[in-house]
Every structure is written in structure tokens, then in C-alpha cells.
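Below is one structure, written out as C-alpha cells; comments come after it.
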Amino acid sequence: MSALWTIDAMAAAMRADKSGALPAEVPGLSIDSRSVAKGEAFFAITGDNRNGHDFVETALKAGAGLAVVARIKRAQFAAEAPLLAVDDVLGALSDLARATRSRSDAKVIAVTGSVGKTSTKEALLLALGADGETHASAASYNNHWGVPLSLARCPASAKYAVFEIGMSHAGEITPLTKLVRPHVAIITTIAPVHLEFFGTLTKIADAKAEIFAGIEPGGAAVLNRDNRQYAHLARAAAAAGVTRIVSFGENAKADARLLRHSLQADCSTVEARILGQRVTYKLGAPGKHLVLNSLAVLAAAALAGADLALAALALNNLKPASGRGTRATLRLPGGSALLIDESYNANPASMRAAIALLGQAAVGPQGRRIAVLGDMLELGAQGPALHRGLAEPIAAVGVDLVFCSGPLMHALWQALPSGSRGGYAETAAGLEPAVLAAIRAGDALMVKGSLGSKMGPIVKALERQFARPAAFEPAPAVPN
Ligand SMILES: Nc1ncnc2c1ncn2[C@@H]1O[C@H](COP(=O)(O)OP(=O)(O)OP(=O)(O)O)[C@@H](O)[C@H]1O
Ligand SMILES: [Mg+2]
């Protein structure tokens, strides 16, 4: 495995003191002693609840090549321990990230937006990876430590690099985009997420618009033409000095425009015009939201100079990210049922996308479409109305039965026609038995809610209960 960083270059970038039996180089960087790989540099970051310095010894025992620690903590560790000592560990990680960006020849793409950042980042990884070596952030590493860590992990040889940038408060994106210095910045969409901290969609748009501050001279902003905040964002981009604004969507004026599409139960086919070039492609995962994201992906790929045909072809391999539409087959007496796991998180935009996905799902002859929904959090005063408002898409796509948990979902529950009320409970745990009892062969069932609504355990319970062969199946013959 080739080195990510030589120790000399790393120490210079971080203005670190070297001590102990240091290796010559490291293959990677880690901030988690549980997953640190052999030889990696472990950064002892101090988080809200834990101090990374408490895990330095564990990380070194687990195979870390060295640890980056604060100078004032240096004395806690053995003299021969392989350490780089710095004033501030998170600051040093950002310094290393800055050095990574300076040494890199990669075309850099940053992705922000209220929803769809990870989905878009993963699609970019596929699309650009078809053209050349592509580095991308892991998971949703999009905050004050996730972005510097992801950037500092970028190999010098990468041709493309993709970074997710997130925020829950104004001012958070500015330092991150200035670190990443993207050539292309995508804002997927603006939607009511973290609304309680912002109050209005315009303020959410303003916070996302901070991404423009870091765009490289001559770089481009890729914006959702179908979103109500489009004009506002385009003005903000221009005001920040961005000269190239590229729009995507269904709108006839979009530069990356959806011409035709067909939504199937487990994939989509798309015809689009991307910056003047017509492309036809298949997306390996279903949902209109992913179709729209793919327009931004291909626009960004074209702007980054990638081969558009190869990029589009690669999207055939798209898979939903974990908990964002992942599918499992449940085995029940008399047949199987489809479980769509959307339990990763929820807000009004992704909830509507998931309800549409359920509406598209194939069901058996007697099968029903069942939604199991937990509260969408952090919506502030508009919370109850945004929950109640889901009754309309639920009816429009033909969901047969709805199970709800949580105080906010009670507003939806009351708005549902009695025929589609499956069950209500105060908590997800309280709802679980009713869901387990309701599912039958042929059904398609989708589970979604904010992380804090704890819908994940319902998915786990369904998988546990119905994963094994149903009881009536003959046991395999055992030789005796
Ligand atoms: N353009 C979109 N519109 C609506 N929903 C979307 C869109 N793209 C993805 N989703 C759905 O939103 C949910 C979250 O997707 P994803 O993880 O990509 O978002 P994210 O912005 O990275 O979220 P986070 O802020 O938690 O990192 C998933 O259920 C996904 O299917
Ligand atoms: Mg994410």
C-alpha cells in the first residue's frame, strides 16, 4: 500500500514535534481507535463527550503507526511512544488538510444541500471513478472534523476528489469550503431541515450559500433549478464572484435537464441533456429524487472534465446508501414481503421521497403498501403542520396502511382516513409489536423517521423475526 503521508511532510504541515519510534510514513488517518487500521496515524480529537487522548494507547495497541496528541498531554505517554505533538489536534488536522489541498492536482467537487448530500457524493464517486482515481468522504463526514479528516485523507494521486459539507447552523460551512476550495460546488436542494434553528427557508439557503465563498477562481456552482430558492442562490453565487452557474432539474431552462424518465420498482431509466450533450442511462437504484440528483452528478462530472458517457454508464451500479432505501426480503408464511429501510433519518423532503418510493414498490397479489413513520425532528413551530401535510402524498401514491409513532406524527395520524390507519403509539418501541403483527406475504413496508425517533430497531426486529425460513418450511434433512 502506498503512503498517504511521509512523517516528515506531515510534521512540517502540522508544525509538530516528533517523538518516539516513528514510522517513515502512514497509509491513512483515523480518529477512531475502534476502527484504526495498521500503520495509520491516530488523531486524538476531543469531541463533546470523549477526549481522544484517552484512546491513544488503545489505538497504538490496535496497530496505529503513530498518534497526534496535544503538547500539553505529551507527558502522559511513554517516552518511546510514536507521537507527533501539536498545539491543537483538530487545528493540526485542518493544517494537514490545507497541505493536502495544496499538493493535490485533483478536480475537487463539494456537495452540500438540505438532503441528498451523501446520495449525490456516492453517485459522484461511481461516476468519476469510471474516468480516473476518485477520492470521496466516508459516510456523512461533513462537519468541522469530518471535512478536514476527509480532505487530509485524499491521496496525492487522486484525479477527482468529492467532499460532503454539512451544517446545522449559519457560519459552519464558510471555514469548511475555504479548506476544500472546490472547483465545482453542488447544492442539491433547499428544504425544511433544521428549520427550528433557522426559522425560514431563505435563511437555510443563505447558510448553504456559504459554500460559494470557497469556490476556486473560474469554478462553478451547480444549483437546483426546480427549487424555490434557485434565484436566491444564483444571486448569492454571483455576489460571491462565481462566474459559472449551472442549473439542473426538470425546468426547461436547466443546463442539465431531465428530458424523459421512467421510474421502476428497483431502478430508473433517464434521458437528459447535460450541458448540451444528450445522454441516456440507467440508475441502479429507484426513486425520482435520485434521478434529479443524477443530473447534478453528471453536470459536475462534465464540469470536472470527466468523460460523460462513462460517468453516465457507471450510474447503473448505483445502490442506495445504508438506511436510505436499502431493501431486504422478509420471509413470511405463504411468501415474502419487501422491507424498505429508510430509518437513517427523516425530514419533510426525504419523507416525501420515501413515500413516493413506497408508492412505486412492487407488491404481491394481496399485498399492501405500508408506511411505518416516526417523528421528523428539529422542525420548530411548523412541525405539526409538516407532519399533517404528509397525508396528501400518502393518499396520492396509494399507501394502504400507515403506522405512526411519536407526538408529532399524531398530527398525521389524525389527518388520515380511518381506512388507512394501521396503528399509533407514543414511541417506536411501543409501535413495534403492531407492525410485526400486521405484515403479510406480498406487502411492501417502508420504515422512516428522524434518527432520534429510533425507527431503526423496528427494521432490526422485522429482519430478525422474518429473516429465517418461515416455520412451515420443511427442515433440511439431517444425515444420521
Ligand atoms: N434530492 C432529494 N430529495 C429528497 N430526498 C432525497 C434526495 N436525495 C436523497 N434523498 C433522501 O434523503 C435521505 C437522506 O439522504 P442523504 O443521506 O443522501 O442526505 P444527506 O444530505 O447526506 O443527509 P445528512 O445531512 O444526514 O448527512 C435518504 O432517505 C435519501 O433517499
Ligand atoms: Mg450525509
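Side chains are part of it too, since the values below use all heavy atoms of this structure and drop only hydrogens, waters and symmetry mates. Numbering of ligands and ligand atoms starts at 1, following listing order.
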Between the side chains of [X] and [Y], is a donor N or O closer than 3.5 angstrom to an acceptor N or O?
X: Asn347; Y: His194; value: no
X: Asp341; Y: Ser343; value: yes
X: Ser350; Y: Tyr344; value: no

Just grab all the salt bridge (Lys or Arg N to Asp or Glu O under 4.0 Å) pairs involving residues 289-301, residues at least two apart or on different chains. none
Among all residues two or more places apart in sequence or in another chain, which pass the side-chain hydrogen bond (donor to acceptor under 3.5 Å, both in side chains) test with Ser405? none
Determine yes or no for a side-chain-to-main-chain donor-acceptor pair under 3.5 angstrom, with [X] supplying the side chain and [Y] the backbone.
X: Asp226; Y: Glu250; value: yes
X: Thr177; Y: Ile211; value: yes
X: Arg153; Y: Gly28; value: no

Residues in contact with ligand 1, criterion: heavy atom under 4.0 Å: Val115, Gly116, Lys117, Thr118, Ser119, Ser140, Asn142, Glu164, His289, Asn293, Arg324, Glu342, Tyr344, Ala349, Ser350, Ala353, Lys448
Report for the Mg ion (ligand 2), protein N, O or S closer than 2.8 Å, by chain and number, lists Thr118 OG1, Ser140 OG, Glu164 OE2
From NE2 (His387) to CE (Met351), nearest 0.5 Å: 6.5 Å
